[in-house]
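Report on the structure given below.
Just so you know, these numbers come straight off a predicted model, no measurement behind them. Numbers restart at 1 for each chain; the letters A, B, ... are given by sequence-line order, proteins then strands.
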2 protein chains.
Amino acid sequence: MAVDQLSNTFAALADPTRRAILARLAHGEATVGELAAPFSMSVQAVSKHLKVLERAGLITRGRAAQQRPARLRGRPLEDAANWLERYRQFWEGSFDRLSDHLREIQKDNAHD
Amino acid sequence: MAVDQLSNTFAALADPTRRAILARLAHGEATVGELAAPFSMSVQAVSKHLKVLERAGLITRGRAAQQRPARLRGRPLEDAANWLERYRQFWEGSFDRLSDHLREIQKDNAHD
DNA sequence: TGGTTGTTTAACCAGTGGGTTGAATTTACC
DNA sequence: GGTAAATTCAACCCACTGGTTAAACAACCA
């Protein structure tokens, strides 16, 4: 997988199970077991999903006895939203100044 | 890969080459050759990236003589942005009503 | 008709993703 | 110390990604 943070974030979001996990975590932290319960999949598989989310910075893990509760981190979501926001004028249908706008915000901002 | 549209969109965005292609297309439609030029990669590889973007609905292809110019479609970007928008209150740090909010918008909205 | 340009298809390769099962690890409880 | 619970690690499977090169296809030009 690509190494840049934004790519990791989008890749992490590109799976319905992981998006459901994030939705669950928005209500508060949860253990692996709790997160796995709604899915017809092994707890090990969920543990792998959590590792993907952790690598993307979308969650942090704590420790409480044997459990390692996961907690949502919003920052990468914000970064992803900001990236998409650049295109808002585009999907809203007014392309007039978008070209200039993009040229400007990408000046010191490589390909992404 | 997951079959749902949102997963396809996020997966398509999870690659810096493809994001750069979208940025280029925001300035106007472009042919495969034009899109490939800035990259140190074969034109065939770019053609594959375009197929991924097309599958995600992020571009449409036209036809003009031998060329098949690509054009950006904003709709899936909007859908992705809307998905992220649910978490805005979260990354802005006010979690107060988020739980209720999520519960509400997800009532008729399966896991995603 | 044949050649050139633009693009896609096919076959291949190494790496990764998402899942499985089974074993190991960590921590609490008695 | 022994056992049970929560989690991770390891090995494996199969499908897909992102790239390559070589060949095929499509459309224009002379």
What is the distance, rounded to the nearest whole Å, between atom [atom1] of [X] and atom [atom2] of [N]?
X       : N      : atom1 : atom2 : answer
B:Phe10 : D:dT17 : CZ    : P     : 17 Å
A:Leu50 : D:dT7  : CG    : C1'   : 10 Å
B:Asp15 : C:dG17 : CG    : C1'   : 15 Å
B:Asp4  : C:dG18 : CG    : P     : 13 Å
B:Leu35 : C:dG6  : CG    : P     : 14 Å
B:Asn8  : D:dT17 : CG    : C1'   : 14 Å
A:Arg19 : C:dG18 : CZ    : P     : 12 Å
B:Arg61 : C:dG6  : CZ    : P     : 14 Å

Any side-chain N or O of [X] under 4.0 Å from OP1/OP2 of [N]?
X       : N      : answer
A:Arg68 : C:dT25 : no
A:Arg18 : C:dG18 : yes
B:His49 : D:dT17 : no
B:Thr31 : C:dG6  : no
B:Ser47 : C:dT7  : no
B:Lys48 : C:dT7  : no

Original post:
With sequence neighbours left out, what residues match B:Arg68 under salt bridge (Lys or Arg N to Asp or Glu O under 4.0 Å)?
Top reply: none
What are the atom names and distances for every N/O pair under 3.5 Å that joins the protein to nucleotides 22-27 of chain D?
unit_1	atom_1	unit_2	atom_2	d
D:dA22	N6	B:Gln44	NE2	2.7

Original post:
How is the base pairing of DNA chain C summarised as a dot-bracket string, given the Watson-Crick and G-U wobble criteria with both distances under 3.5 Å, [ ] for crossing and | for another strand?
Top reply: ||||||||||||||||||||||||||||||
Side chain to side chain contact (heavy atoms under 4.5 Å, CB included) partners of [X], counting only residues at least two apart:
X       : result
A:Ala81 : B:Leu84, B:Trp91
B:Ser47 : none
A:Glu54 : A:Ile59, A:Arg61
A:Thr31 : A:Glu34, A:Gln67

Original post:
D:dT8, C:dT8, D:dG19: which one has an atom nearest the side-chain heavy atoms of B:Val43?
Top reply: C:dT8
Original post:
Which nucleotide, C:dT8, D:dT7, D:dG18, lies nearest any side-chain atom of A:Val32?
Top reply: D:dT7
Original post:
Between A:Tyr87 and B:Ala23, is there a donor-acceptor pair closer than 3.5 Å when you use the side chain of the first and the backbone of the second?
Top reply: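 Checked: pair present.
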Subject >> Smallest separation among heavy atoms of B:Ala36 and B:Val43, with atom names >> reply: CB-CG2, 3.9 Å
Original post:
Side chains of B:Asp15 and A:Ser7: does their closest heavy-atom pair fall under 4.5 Å?
Top reply: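 Sidechains of A:Ser7 and B:Asp15: no contact.
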Original post:
Got a sec, which residues hit side chain to side chain donor-acceptor pair (under 3.5 Å) with B:Arg71, two or more places apart in sequence or on another chain?
Top reply: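 Once residues adjacent in sequence are excluded, the partners of B:Arg71 under the side chain to side chain donor-acceptor pair (under 3.5 Å) criterion are B:Glu29.
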Original post:
Who are the side chain to side chain donor-acceptor pair (under 3.5 Å) partners of A:Arg75, not counting sequence neighbours?
Top reply: A:Asp79
